[in-house]
Visitor: 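Could you have a look at this structure, given as C-alpha cells, before my questions?
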Number of protein chains: 2
Amino acid sequence: MVKMSTKSRYGTRLVLDMARHYGQGPVQLADIARRQQVSVKYLEQLVIPLKLAGLIESVRGVKGGYLLTMEPRLITVGRVVDVLERGQNLVPCTDDPEKCRRAPFCATRCVWVDVERAIRDTLDSYTYQDLLEMEDTLMGGKGEDHVQPDRDGSFYESEERGSA
Amino acid sequence: MVKMSTKSRYGTRLVLDMARHYGQGPVQLADIARRQQVSVKYLEQLVIPLKLAGLIESVRGVKGGYLLTMEPRLITVGRVVDVLERGQNLVPCTDDPEKCRRAPFCATRCVWVDVERAIRDTLDSYTYQDLLEMEDTLMGGKGEDHVQPDRDGSFYESEERGSA
DNA sequence: TTAATCCCTAGTAATTTACTATAGTATAGA
DNA sequence: TCTATACTATAGTAAATTACTAGGGATTAA
C-alpha cells in the first residue's frame with residue numbers, strides 16, 4: 001500500500017522518549033539511541049528539523065541534550081511526522097492541482113486527497129500524552145525506561161533492511 | 001508523509017478506464033495506454049496481478065483485450081490497491097507483531113495500525129461506480145473518453161521523475 | 001584543560017521505483 | 001493457412017530514494 005519511512009517512525013519514538021523525560025532536564029541523544037536502539041548519527045539528523053520547527057530545543061556542552069519546548073499533551077504525532085516529512089505528499093497532485101493537467105476532472109485525485117486527509121486526521125488524533133498513557137497501559141507498570149534491549153544486542157525492527 | 005506508488009495510481013486509473021467501458025466487450029491495453037497516457041508495457045505489468053486476483057479477465061488474439069469480471073459498483077479502490085501492493089504494509093510490524101520485539105509494549109505501533117486502518121477504510125469507501133459518477137460530475141458531460149492529451153504529447157503527471 | 005555534548009556537511013551502499021526490451025503464444029479474420 | 005493484432009512471460013536497468021555512516025567542528029560544565 002503506502003509505506004511510512006523510518007525517519008517518521010524513529011522520529012516519533014525519539015520524541016516519545018523525550019516526552020517520557022519531560023520536565024527532567026535535557027536528554028542526551030546517546031541515551032535515547034541506547035533506549036530506542038537507533039544510532040546517534042541517525043538521531044542527529046532527525047533532531048535538526050524538529051529543532052527548526054520549534055518542537056524541541058538543545059543545550060550544548062557537557063550535561064547538555066535536548067528537551068521538548070512544550071508539554072506532551074500539546075504535541076501530536078501528526079505534527080512530528082509533518083515536520084520530518086516536510087513537503088512529501090501522498091501523491092504529487094494532492095497539494096497542487098497544477099502539477100497534473102488531469103487534476104480538474106480526475107476522480108482518482110479526489111480519492112487520494114481523501115486518503116491523505118484520513119492519514120493526517122488519524123495522526124493528529126494522538127498526542128504524546130496519549131502515547132505515554134498507552135505505553136503505561138501496555139507495560140502494566142509505572143513506565144520509566146522500562147524497555148531494555150536483549151543481551152545479544154539484536155533488537156527492535158532489526159529486519160528493516162533484510163526481509164521484503 | 002507517506003507516498004503512494006504509480007503502480008497503485010496508474011492501476012486505479014486502468015481499472016477506472018475499464019469500468020468506463022464495462023459491458024462493451026474487451027478493452028485493449030493500447031487504447032487504455034493512449035487514454036491514460038501510460039505505456040502499454042507498464043500497463044501489462046499491472047494487469048497480471050489484477051487478473052490473478054480475478055478482478056479482470058483477458059481475451060487473447062485479435063479484438064482481444066481485458067474486461068472487468070464484475071460490475072464497477074462491486075469493486076472498491078481499496079481492493080485494487082490491495083492487489084497491486086500485495087504484502088506491503090505501512091510499517092513492517094503492523095501485520096505481524098513478531099517482526100519487532102518492541103511490538104507488545106509499543107505505543108507507536110498502535111498509531112501505525114490505526115493509520116493503516118484509516119487508509120484502508122477510506123480506500124474501501126470508494127467503488128468504481130462512485131468514481132464513474134464523480135468523473136461525470138467533474139466533466140459536466142455524459143462522460144465517454146472525454147479526456148484527450150495535448151497535441152505536444154506532454155501530459156498528466158509528467159513531472160513524476162523530475163521534481164521533488 | 002578536558003571530556004561530553006550538540007552541530008554541520010558530506011558521502012554512500014542497498015533498495016525500490018518506474019519503467020523498457022525481447023521473445024514469445026493465441027486467435028480473428030482475410 | 002497466413003498474418004496482423006492482441007495478450008503473456010521473463011528479464012533487465014537507469015534513476016531516485018532510503019537509511020544510514022563518517023569525520024570533523026563548536027560549545028560548555030567541571
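Note that these values count all heavy atoms, side chains included, but never hydrogens, waters or copies made by symmetry. Just so we're on the same page: letters track the sequence lines, and every chain starts at 1.
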Visitor: Just call it for A:V38: base, sugar-phosphate, or nothing, with non-hydrogen atoms closer than 4.0 Å on any strand.
Guide: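 Touches nothing.
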
Visitor: Output the rounded distance in Å from CG (A:D31) to C1' (C:dC6).
Guide: 14 Å

Visitor: Figure out the CG/P separation between B:L43 and C:dC19, and round it to whole Å.
Guide: 11 Å

Visitor: Rounding to a whole Å, what distance do you find between A:Q28:CD and D:dA29:P?
Guide: 13 Å

Visitor: I need the CE-P distance between B:M4 and C:dT16, as an integer number of Å.
Guide: 18 Å

Visitor: Are any non-hydrogen side-chain atoms of B:K7 and B:Y42 less than 4.5 angstrom apart?
Guide: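 Answer yes - side chains close enough.
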
Visitor: Between C:dA10, C:dA18, C:dC6, which one does the side chain of B:T6 approach most closely?
Guide: C:dA18

Visitor: Without decimals, in angstroms, what is the distance between A:L90 CG and C:dT17 P?
Guide: 14 Å

Visitor: Would you confirm whether B:R120, through its side chain, and B:G78, through its main-chain N or O, come within 3.5 Å as a donor-acceptor pair?
Guide: no

Visitor: Starting at CD of B:Q88 and ending at P of C:dT15, how long is that distance when rounded to a whole Å?
Guide: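 It is 14 Å, rounded to the nearest whole Å.
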
Visitor: Does B:K7 make a side-chain N or O approach to OP1 or OP2 of C:dC19 shorter than 4.0 Å?
Guide: no

Visitor: Which heavy atom of A:R79 sits nearest to which heavy atom of A:A53, and what is that distance?
Guide: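 For A:R79 and A:A53, the tightest heavy-atom pair comes out as NH2-O, 3.9 Å.
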
Visitor: Please state how far atom OH in B:Y42 lies from atom P in D:dT13, giving the value in whole angstrom units.
Guide: 18 Å

Visitor: Between A:A103 and A:P97, which heavy-atom pair has the shortest distance, and what is it?
Guide: CB-O, 3.4 Å

Visitor: Using whole Å, what does the distance between atom C1' of nucleotide C:dC6 and atom CD1 of A:I48 come to?
Guide: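 Rounding to the nearest Å, CD1 of A:I48 and C1' of C:dC6 are 10 Å apart.
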
Visitor: Within the pair A:Y10 and D:dC20, is there a side-chain N or O less than 4.0 Å away from OP1 or OP2?
Guide: yes

Visitor: According to side chain to side chain donor-acceptor pair (under 3.5 Å), does anything in residues 49-59 of chain B pair up with another residue at least two apart or in another chain? List the pairs.
Guide: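 Listed once each, the pairs are B:K51-B:S58.
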
Visitor: How many angstroms lie between atom CD1 of A:I75 and atom OG1 of A:T127, to the nearest 0.5 angstrom?
Guide: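 Answer for the CD1-OG1 pair, A:I75 versus A:T127, is 9.0 Å.
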
Visitor: Below 4.0 angstrom from OP1 or OP2 of C:dT20, is there any side-chain N or O of B:S39?
Guide: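 Affirmative; the distance criterion is met.
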
Visitor: Of all of residues 54-71 of chain B, which get a heavy atom below 4.0 angstrom from DNA chain C, listed by number?
Guide: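 Contacts with DNA chain C under 4.0 Å: B:R60, B:G61, B:V62.
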
Visitor: Whether the side chain of B:E44 and the base of C:dT20 hold a donor-acceptor pair under 3.5 Å is what I'd like checked.
Guide: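 There is none.
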
Visitor: Going through the distances and angles, do B:Q37 and B:R13 end up as a side-chain hydrogen bond (donor to acceptor under 3.5 Å, both in side chains)?
Guide: CA-CA 10 Å; B:Q37 212 65 16; B:R13 274 163 50 193; over 6 Å; no

Visitor: Taking all atoms of both residues into account, what is the closest heavy-atom pair of A:M139 and B:F105, and its distance?
Guide: SD-CB, 3.3 Å

Visitor: Under 4.0 Å, heavy atoms only, any strand: does A:V27 hit a base, just the sugar-phosphate, or nothing?
Guide: sugar-phosphate

Visitor: Look at the side-chain N and O atoms of A:K3 and state whether any lies under 4.0 Å from the OP1 or OP2 oxygen of D:dT17.
Guide: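 It does not, given that no N or O in the side chain of A:K3 lies less than 4.0 Å from OP1 or OP2 of D:dT17.
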
Visitor: Report the nucleotide, chosen from C:dC6, C:dA21, D:dA19, that has the shortest atom-to-atom distance to any side-chain atom of B:K41.
Guide: C:dA21

Visitor: I'd like to know if B:Q45 reaches the base of C:dT20 with its side chain, counting only an N/O donor and acceptor under 3.5 Å.
Guide: yes

